[in-house]
Amino acid sequence: MANDKKLVEEITSMNVDFAQWYTDVVKKAELVEYSSVRGCMIIRPYGYAIWENIQKDLDARFKATGHENVYMPMFIPESLLQKEKEHVEGFAPEVAWVTHGGAEKLTEKLCVRPTSETLFCDHYANIIHSYRDLPKLYNQWCSVVRWEKTTRPFLRTMEFLWQEGHTAHATAEEAQEETIKMLNVYANFCEEVLAIPVVKGRKTDKEKFAGAKATYTIESLMHDGKALQSGTSHNFGDGFAHAFDIQYTDKDNQLKYVHQTSWGMTTRMIGALIMVHGDDSGLVLPPMVAPLQVVVIPIAQHKEGVLEKANEIKERLSRIARVKIDDSDKMPGWKFSEYEMKGVPVRLEIGPKDIEKNQAVLVRRDSREKLIVSLDELEEKVTELLKDIQKGLLEKARALRDSKTYRAVTLDEFEKTINETPGFIKAMWCGDQKCEDMIKEKTGATSRCIPFEQENISDKCVCCGGKAEKMVFWGKAY
RNA sequence: CGGGGUGUAGCGCAGUUGGUAGCGCACGUGGUUUGGGACCAUGGGGCCGGAAGUUCGAGUCUUCUCACCCCGACCA
């Protein structure tokens, strides 16, 4: 089958070496360049454009649910970070410290924010006085720093871009509602825009955020069967409010503590896009986040009329899609490969033969299927095709995830499955962290989430055989 | 932080018993080409990761260091 032929020799095949494939794609698609700064990456224009599209769509969803953007300082004084015990214990091992300003030693060292709960709390304590001030629905787009030991582009870097939402509410019910609402915003965004199917659920206590009462997560599955935590939404209860003394006067003239949430999504999602949709020829981007949706490639562009026609087409399509024309003097074949590596959803070829017949050739990136369309109905066909690709990618990703989702009743079965066919494993759990630890030790898999959609696989815990409480998604994670 | 590996042109690599650095791709220029990574000609590019040492002489030998990659542990 011609479609299966590997056309780009410079990308390692996925099933030969998945990690190398990932690195090759990231480099060849010009998403990232390694920098001189250890553990930090340069996000190149094409990679950053994907992030901008993610930002734009997510930001609109945040605004639509009543949130406002703010900006907090990037430094946190040590004393402020220390205020919530569990939180500081969770983050202290991986924060970067600023100890000097110029030549002068600081009296109190500052950490470079690993996350901004403490700053938001400090601020909320100052601006929240009455129930009339609630809720506070804030979000910020920024970068954070975590001193990671090993790093990989997009998946784990010492500095990464993200958004962090921080909200304060009058009641526990409202905070819980917000936590779930934002989890759903993430889940819908992943499926509708990134075409990545997710499993929604709650984290076990072992896996929850430092300082949270409950952490909810969306989990996705990569091509190699590893799980990726794709977005989290935390309910803090009133724990931070007590630590930071965030109180308001309620209608009944009583002083009450606020209930808070936080939620975040990061540039890691670009890594997810690569590992969910990519293939041996490189990146495959869902049209909704693709920086370029259509690339126009003139064939035999030196011949009379070709470039003119190609430009005319580009102008026409610019009104309905993100389009570029590549009229460089590279060979057409070179251009085909180039834009395949970059995952551009649709390629439009236009040459002398097409012009004669008033047609163009459209090629889908996902299936490589070629369509010959009349220039008279170009706009309609391209619109339709982009929609179709977006839909097809989600379906394909869902089918892949489902095919890599297994169930296990015994620990032996669990171990065998995770080693032979990596993926999600659905198995029952008694709720005891000892069993979670044991599973991790024996199989290397961690609990990904307790899904909202429960199934009864067995009455017994997969590990200890005790009474099963919940069905849990397990997997090896990035 | 443990285990393994690699540092020589932008990228991928070669470099023999120590003798003063080469190949492919990429890049510049001129020309011919153009429907799946074209060809010919010609040109430019290097403190051999860094420091110290041995030597008349180090890419090569010794010591120390730094960085990166892969596999674990930890995290988004």
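Model, not experiment: these values are computed from the prediction. The sequence lines fix the lettering, A, B, ..., with proteins before strands; numbering per chain opens at 1. We use all heavy atoms of the structure for the numbers below, so side chains are in, but hydrogens, waters and symmetry mates are not.
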Closest to side chain of A/Arg156, choosing from B/C71, B/A38, B/C75: B/C75

Expressed as a whole number of angstroms, how long is the span from A/Met331:CE to B/A26:P? 12 Å

Touch class at under 4.0 angstrom, heavy-atom based, for A/Val361 against every strand present: base

Taking NZ, NE, NH1 and NH2 as the nitrogens, is one of them in A/Lys83 or A/Glu78 under 4.0 Å from a carboxylate oxygen of the other? no

Distance under 6.0 Å and angle within 45° of ring axis: A/Arg347 vs A/Phe336: yes

For A/Cys40 and for A/Trp334, locate the closest nucleotide of RNA chain B by heavy-atom distance; then report the residue assigned to the nucleotide nearer the 5' terminus. A/Trp334

Side-chain N,O (A/Lys27) to OP1/OP2 (B/G10) below 4.0 Å: no

Need one value for A/Lys353: base, sugar-phosphate or nothing, where a base atom within 4.0 Å counts as base even if backbone is also close, heavy atoms only. base

Students often get this wrong, so: under 4.0 angstrom with heavy atoms, is A/Gly271 touching a base, only sugar-phosphate, or nothing? nothing

Students often get this wrong, so: under 4.0 angstrom with heavy atoms, is A/Asp354 touching a base, only sugar-phosphate, or nothing? base

Looking at the side chain of A/Thr150, which of B/C74, B/U34, B/G72 is the nearest nucleotide? B/G72

Taking the six-membered ring of A/Phe236, is NZ or CZ of A/Lys213 closer than 6.0 Å to its centre and within 45° of its axis? no

Which of these nucleotides, B/A73, B/C70, B/G36, is closest to any side-chain atom of A/Val363? B/G36

Consider only side-chain N and O atoms of A/Glu420 and A/Tyr406, and report whether a donor and an acceptor are under 3.5 Å apart. no

Whole angstroms only, please: what is the OH-P distance between A/Tyr478 and B/C71? 8 Å

Out of B/G35, B/C1, B/C75, which has the shortest distance to the side chain of A/Lys149? B/C1

Nearest to side-chain heavy atoms of A/Glu349, which nucleotide of B/G36, B/G35, B/G72: B/G35

Measure CE/A/Met41 against P/B/A67 and give the value in whole Å, please. 20 Å

Kindly check if the number of other-residue, nucleotide or ligand heavy atoms within 6.0 Å of NZ (A/Lys470) is above 12? no

Here's a test of your reading of the structure: between A/Asp17 and A/Thr266, which maps to the more 5' nucleotide of RNA chain B? A/Asp17

So, does A/Lys440 get its side chain near the phosphate of B/C74, meaning an N or O under 4.0 Å from OP1 or OP2? yes

So what does A/Leu155 touch, heavy atoms closer than 4.0 Å: a base, only the sugar-phosphate, or nothing? base

Atom NZ of A/Lys330 to atom C1' of B/G28: distance rounded to whole Å? 12 Å

Once you apply a heavy-atom cut-off of 4.0 Å, does A/Pro352 come out as touching a base, just sugar-phosphate, or nothing? base

Is_stacked (A/His302, B/U34) at 5.5 Å, 30 deg: yes

Quick check for you: among B/C75, B/U34, B/G72, whose closest atom lies nearest to any side-chain atom of A/Arg146? B/C75

